Amino acid sequence: MKQPPTNANRCAVCDNLSLAAPLLLGTAAYAFSEFADRVFLGHYGETALAATLPASMIAGSVNAFLIGVIAYSKNFITRYLGGNRPDLALSAFRHSLRLAVLALPVLAAVAWPGCLIIDAFGHDETLRAAEKTYFVSYLFVGAFSLFSALLGGWFAAHGRTGLVGVATAVGCAVHVALDPFLIFTCDLGILGSGIATVASFATTALILAVPCIRSIDRHVPRPGGDVSYAQLLRQGLPNGTATLLGSCGLTFFLLSLGRYGSEVLAAINALFAFHGFIFYLVTAIASAGNITIGWSIGRQDENDARRHFRTAMALSIGVVSLVYLAAIPLSAQVLAVFGIRADSFSFGLAATVLMAGFFIRDLADAVQVVCTNALKASGDTRGIMMSRLIASVLVWVPATAILLRCDSPIPLLLTMPASYGLLALLLRLKWAGS
């Protein structure tokens, strides 16, 4: 099995890109499948498109918490491999698989309270019904995405990001193939979209499971040491909590935005689908940085870790800037792809303003994603959690609740880039002080 590089003098850009390029294949495929899914739903009906993001965010908050806690084992694996302790790496991985099995009942338990949350935000009856349908399907997505994250983390920590990228891309191809058939031909609408998403993650998990079993049996020595569950949870729980806090802030924002009607929510959902392309590109770069920084920390090479951090940051900000500078002049056309149309002049002006707001948001998001992955690699998950607590819960949620009284959604929309900017600042300061 491929082992982490030990030459600290290698080009940091080459290291990052060699790991990120295969991940970019998978993340780009995922972004495209999500984009295509929203396009299909937008042409199926405005309500179907409007319902996807709030519903997926509620279920995704739970999914993200479990993945944040359990799949954090990847960072242990990376550090142990960097320190030439494959026995401890294998022990951490096996424990995380057992925790994942124990976590499955949690997903089933949140179905009823999740539906109550949807009812509490006062959306119209048709929109609520669509949101509940998508919410329940996304709980099944959570089960398969948890195992996909664990298996993918095992291979990524060993530098085998190509396998992870291909498995993700194949799963996304299944999604895109099933989506129009289930949505339009079978006339299942948003339920068809949910089923296709479940099939996508199930495919990825299955593809990764087979070589994982072989790699453990043939390439990794039986553990001579052990990693306790307490060690995994001591860093995994703050990481999962941080993810949950961020998801809750965004979910509250989106559900609140839905009070202004399906039209506003559909437009924001469309831009989030576009944002997915940028986010997953940045995620691939930051994930590669997470691996190289983790290897460096395992070797106790602080200078090399900071060199890889600077490289990941520069690449991420550069990607975001290039994409948006090309896309902002075409803002109206981007929304039109989703079937969202209005008077040409006012629509074009509104689309440009919204796209510019997302540009600012995604610049801040790039900084926070890179900083978060670097802090994960170092094990400082409590710093991530406290930053999320301040930016999402103590600032964004109260600001959303106050500005919800405004007749216009614009003040509420402005809270999003402001919140992400604050989070980026807090995490960057935390990394600088680590």
Side-chain angles (χ1 to χ4, degrees), residues 12-13 15-17 19-35 38 53 161 165 243 246-247 249-250 253 267-293 308-335 337 351-376 384 387-388 391-392 396 413-432:
V13 174
D15 281 347
N16 191 290
L17 292 180
L19 292 169
L23 293 177
L24 286 173
L25 170 66
T27 55
Y30 184 78
F32 175 77
S33 67
E34 192 173 64
F35 184 88
R38 300 303 188 261
L53 201 54
T161 54
T243 307
S247 295
L250 182 56
F253 167 79
I268 296 301
N269 285 357
L271 285 177
F272 262 106
F274 172 79
H275 143 86
F277 283 102
I278 298 98
F279 175 76
Y280 293 117
L281 289 173
V282 170
T283 298
I285 295 170
S287 295
N290 172 266
I291 296 168
T292 54
I293 291 169
H308 285 292
F309 170 81
R310 291 192 297 269
T311 300
M313 184 67 72
L315 289 172
S316 297
I317 292 176
V319 164
V320 172
S321 300
L322 287 174
V323 172
Y324 271 102
L325 289 176
I328 287 177
L330 303 173
S331 303
Q333 289 83 348
V334 169
L335 288 182
V337 170
T352 302
V353 172
L354 286 174
M355 185 73 82
F358 264 76
F359 179 27
I360 298 171
R361 174 210 184 278
D362 281 353
L363 280 175
D365 201 29
V367 174
Q368 75 87 9
V369 169
V370 173
C371 291
T372 295
N373 275 273
L375 290 167
K376 285 180 183 179
I384 301 172
S387 298
R388 288 275 186 182
S392 294
W396 197 10
L413 289 171
L414 291 175
T415 64
M416 184 167 59
S419 171
Y420 277 85
L422 175 60
L423 177 61
L425 175 62
L426 293 172
L427 290 171
R428 184 63 184 87
L429 292 173
K430 189 65 181 177
W431 172 255

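Keep in mind that what you see is a predicted model, and the values were worked out from it rather than measured.
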Looking only at heavy atoms, which two atoms of Met313 and Cys371 are closest? And how far apart?
CE-SG, 3.8 Å
Among Ile293, Thr292, Val13, Ile285, which one satisfies side-chain contact (heavy atoms from CB on, under 4.5 Å) with Thr311?
Val13
How long is the straight-line distance from CG of Asn373 back to CD1 of Ile384, given to the nearest 0.5 Å?
8.0 Å
Taking atom OG1 of Thr283 and atom CG of Leu24, what is their separation to the nearest 0.5 Å?
10.0 Å
Could you walk me through whether Val369 and Phe279 pass the side chain to side chain contact (heavy atoms under 4.5 Å, CB included) test, one step at a time?
CA-CA 9 Å; Val369 169; Phe279 175 76; 4.1 Å; yes
State the OG1-CG distance between Thr415 and Leu422, to the nearest 0.5 angstrom.
12.0 Å
Could you walk me through whether Phe253 and Leu413 satisfy the side chain to side chain contact (heavy atoms under 4.5 Å, CB included) test, starting with their C-alpha distance in whole Å, then the side-chain angles of each, then the deciding distance to 0.1 Å, before giving a yes or no?
CA-CA 9 Å; Phe253 167 79; Leu413 289 171; 4.0 Å; yes
In terms of ring plane angle, is the pair Tyr324 and Phe359 parallel, tilted or perpendicular, where the classes change at 30° and 60°?
parallel
Which atom pair, heavy atoms only, marks the closest approach of Ala391 to Ser419?
O-OG, 3.4 Å
Can you check side chain to side chain contact (heavy atoms under 4.5 Å, CB included) on Asp362 and Val323, steps first, answer last?
CA-CA 11 Å; Asp362 281 353; Val323 172; over 6 Å; no
Could you go through Ile328 and Phe358, starting from their C-alpha distance and side-chain angles, then the distance that decides it, and tell me whether this counts as side chain to side chain contact (heavy atoms under 4.5 Å, CB included)?
CA-CA 10 Å; Ile328 287 177; Phe358 264 76; over 6 Å; no
Heavy-atom closest pair, residues Arg388 and Gly246:
NH1-CA, 3.7 Å
Given side chains that start at C-beta, do those of Leu363 and Tyr420 come closer than 4.5 Å, heavy atoms only?
no
Which heavy atom in Leu23 sits nearest to a heavy atom in Leu19, and how many Å separate them?
CG-O, 3.6 Å
Using a 3.5 Å distance criterion without hydrogens, assess whether the side chain of Ser321 forms a donor-acceptor pair with backbone atoms of Gly318.
no
Do Val370 and Trp431 have side chains that get closer than 4.5 Å, going by heavy atoms?
no
For the student: nearest non-hydrogen atoms of Ala366 and Val320, plus distance
CB-CG2, 4.0 Å
Short side-chain to backbone donor-acceptor contact, Ser247 and Thr243, under 3.5 Å:
yes
Check whether any side-chain heavy atom of Leu315 lies under 4.5 Å from a side-chain heavy atom of Asn16, and answer yes or no.
yes
Separation between CG of Asn290 and CG of Leu375, rounded to the nearest 0.5 Å:
10.5 Å
Interatomic distance, CE@Met416 vs CG@Asp365, rounded to 0.5 Å, equals 10.0 Å
I need the minimum non-hydrogen distance between Ala364 and Ala424, along with the two atoms involved.
O-CB, 3.4 Å
